S.K.: 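Below is the structure I would like to discuss, written out as structure tokens.
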Amino acid sequence: MATPLDQQPHHEKRFRRQSSTSIVVVIVPFPDQGHMNQLLEFSHVLSSYDIPVHYVRFTLHNSQVKSQASFALHHLTKIQFHDFPAPRFPSSPPNQRVTKTEFLKSRLSFLKAITSLRKPIAALFRSLSPTARRLVVVYDTLMTSVVKDVFSLPNAEAYSFDSASALSCFAFTCDFLRKNENFPVKNLPSGVSCFPYLFRKFIADQMLLSKISKAGSLFNSCSAIEGPFLQEILANDKVFGKKKTWAVGPLLQSTKFKELRDQDKFLFELLDKQERNSVLYISFGITTTLSDEEIKELALGLELSGVKFLWVLKDADEANMLSNEEAGRPRLPDGFEERMKGMGMVVRECVNQMEILGHPSIGGFMSHCGWNSCVESISMGVPIAAWPTHSDQPINAALITEVLKVGVAVMEWRQRDELVTSSMIAEAARKLMASEEGDEIRKRTEAMSKAVNSSVSKGGDSRLEWDSFVAHITREGFGLKLTYLLSQIQNK
């Protein structure tokens, strides 16, 4: 059953006359909240050009989006959600917290489990294909094996979407395909150090299949962020092949939500009382778990630093996302919250991160460096204290601290097997929040923020990339159309 969703249009007038029935787009995200959010925002972008968009998602995730939307769903007509049952997924025993190693192992189990979506998604492709002159599928690269049936449809084109930074995509592709020549940034973390072997193998298999079959690639990035080497990366035929590429980011959360909860109102009332750039926001997302020892060191480090803070302490719940079980609650040192009254606050529920980062009192963000968090922080002009733990995070951290210089390192990736101590945490917090170096970093971040936000304005780089992609998929394709018509005649 499909449910419509829409976004107010922001497209250029010259695209308004495109036939809404000639092109149909299907969006297939990887079922991870961060990945799904990016492709949902891209669905809004495409929908704003008057193109019908079909968005594939687990029933549970659809319910979450619908429950958060502030607009009346019956008024929304451009995006259709397609609910698919969630695959069986091994969850953690109740009250047992998930370590980083266990999480990555469970992640691999999840990757294998989602292959059950291949048949229903293929059926969706087959049902939509006869209704359009061209069926366009935009899929998360991790979903290549799930969507591969689309490659055999005569009127279909498929485009991979990478939810990580272009730099990390390029680095891992070079690494996995053993093509490390002419790399624009030196001494980056290797794929071997970021992913377990079986995880690397799965990603490499998806990349190889995608490289052979896709019509082009999309990246959640823009020249304002990765400009120094973005074009060099995307134009590298040896890695991405001779396929078209578009940098369509930043894809930031634009969905309006219902009225703030009492908890959120309380947070913003507290932030309103703080000085500008005086509060360090701390959050490690939903795919990163700190050990009890790391939580203790972080608490002691914050206390030692003397920096005001807002700490969202929520155990990684992605592994249990498809079950209703709760992991064991992270524990703080005895008396910590009492001692920190007036200096810091610990929150154990999800918050609206974009609104938090946009508050004037927030002067820094201690983060795991997931790409969503990096883009959100830069877009809001907030520098980052980088503490990566796995996957693309180490390369994103290097990009933030060493290339763009809009953050400081809490720990270097070479120290990943060592305990991050309270003194390291305190030093990073002070450097970012209470030093001349931190002030300079903040100025660079604020300047980059202006450039990023300009990129999605009329005539901006990102808006031009959107226009270019839409022009490409809506082009007249007589050869494609002829092939499709011949196939229809043969089928009859």
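Every value quoted in this text rests on a predicted model; they were computed, and no experiment measured them.
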S.K.: Any chance the rings of F170 and F229 have centres within less than 6.0 Å?
M.R.: no
S.K.: Is the shortest side-chain N to carboxylate O distance from R463 to D467 below 4.0 Å?
M.R.: no
S.K.: Any side-chain heavy atom of I295 sitting closer than 4.5 Å to one from W311?
M.R.: yes
S.K.: Taking the side chain as C-beta and beyond, is there a heavy-atom pair between L188 and L167 under 4.5 Å?
M.R.: yes
S.K.: Mind checking side-chain contact (heavy atoms from CB on, under 4.5 Å) for E275 and listing every partner two or more places apart, or none if nothing turns up?
M.R.: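 Counting only residues at least two positions away or on another chain, E275 forms a side-chain contact (heavy atoms from CB on, under 4.5 Å) with S278.
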S.K.: Please check this pair: side chain of E226 against backbone of A166, looking for a donor-acceptor N/O pair closer than 3.5 Å.
M.R.: yes
S.K.: By side chain to side chain donor-acceptor pair (under 3.5 Å), which residues pair with R339, not counting sequence neighbours?
M.R.: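 With sequence neighbours excluded, R339 shows a side chain to side chain donor-acceptor pair (under 3.5 Å) to E303, given in chain and number order.
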S.K.: Say whether E297 and T421, considering side chains only, have a donor N or O and an acceptor N or O under 3.5 Å apart.
M.R.: no
S.K.: Looking at every heavy atom in both S43 and I27, which two are closest together, and how far apart are they?
M.R.: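 S43 and I27 have their closest heavy atoms at OG-CG1, 3.3 Å.
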S.K.: Using a 3.5 Å distance criterion without hydrogens, assess whether the side chain of K405 forms a donor-acceptor pair with backbone atoms of E402.
M.R.: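 Flag set: sc K405 to bb E402 pair under 3.5 Å.
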S.K.: Would one find more than 12 heavy atoms of other residues, nucleotides or ligands at under 6.0 Å from atom CD of E427?
M.R.: no
S.K.: Could you check whether any side-chain N or O of R442 sits under 3.5 Å from a backbone N or O of G363, counting only pairs where one atom can act as donor and the other as acceptor?
M.R.: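 Yes, the answer is positive, given that a donor and an acceptor are paired below the 3.5 Å cut-off.
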S.K.: Side chains of L302 and L280, heavy atoms from C-beta outward: is any pair under 4.5 Å?
M.R.: yes
S.K.: Just checking, is any N or O donor in the side chain of N453 or S457 under 3.5 Å from an acceptor N or O on the other one?
M.R.: no
S.K.: Treating S213 as the side-chain partner and L209 as the backbone partner, does any N or O pair qualify as donor plus acceptor under 3.5 Å?
M.R.: yes
S.K.: Contact between F365 and I356 at the side-chain level, heavy atoms closer than 4.5 Å - yes or no?
M.R.: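 Answer no - side chains too far apart.
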S.K.: Which atom pair, heavy atoms only, marks the closest approach of S391 to F172?
M.R.: O-CZ, 3.7 Å
S.K.: Would you call M345 and L267 a side-chain contact if the rule is heavy atoms closer than 4.5 Å?
M.R.: yes
S.K.: With sequence neighbours excluded, what pairs up with F161 under the ring pair (Phe, Tyr, Trp, His ring centres under 6.0 Å) test?
M.R.: none
S.K.: Is it the case that H44 and Y55 place a side-chain donor and acceptor less than 3.5 Å from each other?
M.R.: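 The answer is no; no qualifying pair exists.
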S.K.: Look at the side chain of D140 and the backbone N and O of L142, then say whether any donor-acceptor pair between them is shorter than 3.5 Å.
M.R.: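 Confirmed, D140 side chain pairs with L142 backbone.
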S.K.: Answer yes if the side chains of E41 and N37 hold a donor-acceptor pair under 3.5 Å, and no otherwise.
M.R.: no
S.K.: Is the shortest heavy-atom distance from the side chain of L39 to the side chain of Y139 under 4.5 Å?
M.R.: no
S.K.: Report yes or no: does R416 contribute a side-chain atom to a donor-acceptor pair with the main-chain N or O of M411 at less than 3.5 Å?
M.R.: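 No, R416 side chain to M411 backbone: no donor-acceptor pair under 3.5 Å.
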S.K.: For a quick check under 3.5 Å, do S163 and H35 share a side-chain donor-acceptor pair by atom type?
M.R.: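 There is such a pair between these side chains.
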S.K.: Can you say whether the rings of F469 and F42 are parallel (under 30°), tilted (30 to 60°) or perpendicular (over 60°)?
M.R.: tilted
S.K.: Please state whether the rings of H368 and F284 are parallel, tilted or perpendicular, taking 30° and 60° as the class boundaries.
M.R.: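 If you compare the ring of H368 with that of F284, the planes turn out tilted.
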S.K.: If we ignore hydrogens and angles and just use 3.5 Å, is the side chain of S379 paired with the main-chain N or O of V375 as donor and acceptor?
M.R.: yes
S.K.: Between V248 and S462, is any pair of side-chain heavy atoms under 4.5 Å apart?
M.R.: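 SC-SC contact between V248 and S462 ruled out.
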S.K.: If we count only N and O atoms by modelled type, under 3.5 Å, do the side chains of W246 and S217 hold a donor and an acceptor together?
M.R.: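 Checked: W246/S217 side chains show no N/O donor-acceptor pair below 3.5 Å.
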S.K.: Any donor and acceptor pair, going by atom type alone, linking the side chain of R200 with main-chain N or O of F195 inside 3.5 Å?
M.R.: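 Such a contact is found between R200 side chain and F195 backbone.
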S.K.: Is there a donor-acceptor contact under 3.5 Å from the side chain of S193 to the main chain of S190?
M.R.: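 Judged by distance alone, yes, a pair lies under 3.5 Å.
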S.K.: For a quick test of reading the model, state the closest non-hydrogen atom pair linking M448 to I225 and the distance between them.
M.R.: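 Result for this residue pair: SD-CA, 4.4 Å.
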S.K.: Compute whether any side-chain donor of one residue and acceptor of the other, for D461 and S223, lie under 3.5 angstrom apart.
M.R.: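 Yes.
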S.K.: Taking only Lys NZ, Arg NE, NH1 and NH2, and the carboxylate oxygens of Asp or Glu, determine whether D149 and R118 approach each other closer than 4.0 Å.
M.R.: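 The answer is yes: the pair qualifies as a salt bridge.
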S.K.: Can you confirm whether K243 is buried at NZ, in the sense that more than 12 heavy atoms of other residues, nucleotides or ligands lie under 6.0 Å from that atom?
M.R.: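 Result for NZ/K243: enclosed.
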S.K.: Please check this pair: side chain of N396 against backbone of C369, looking for a donor-acceptor N/O pair closer than 3.5 Å.
M.R.: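 Yes, the answer is positive, given that a donor and an acceptor are paired below the 3.5 Å cut-off.
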S.K.: Between the side chains of S168 and S165, does any donor sit under 3.5 Å from an acceptor?
M.R.: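 Distance-only check passes for S168 and S165.
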S.K.: Checking side-chain polar atoms at under 3.5 Å, does S367 have a donor or acceptor matched by the opposite partner on Y281?
M.R.: no
S.K.: On a heavy-atom basis, which atom in F336 and which in A299 lie closest, and how many Å separate them?
M.R.: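 Of all heavy-atom pairs spanning F336 and A299, the closest is CE1-O, 3.1 Å.
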S.K.: Using a 4.5 Å cut-off on heavy atoms from C-beta on, say whether the side chain of V470 contacts that of L46.
M.R.: yes
S.K.: Could you tell me whether E440 and K443 have a side-chain N and a carboxylate O separated by less than 4.0 Å?
M.R.: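 Salt bridge present between E440 and K443.
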S.K.: Determine the minimum heavy-atom distance between S377 and V382, stating which atoms define it.
M.R.: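 Heavy atoms only, the tightest pair is OG-O, 2.6 Å.
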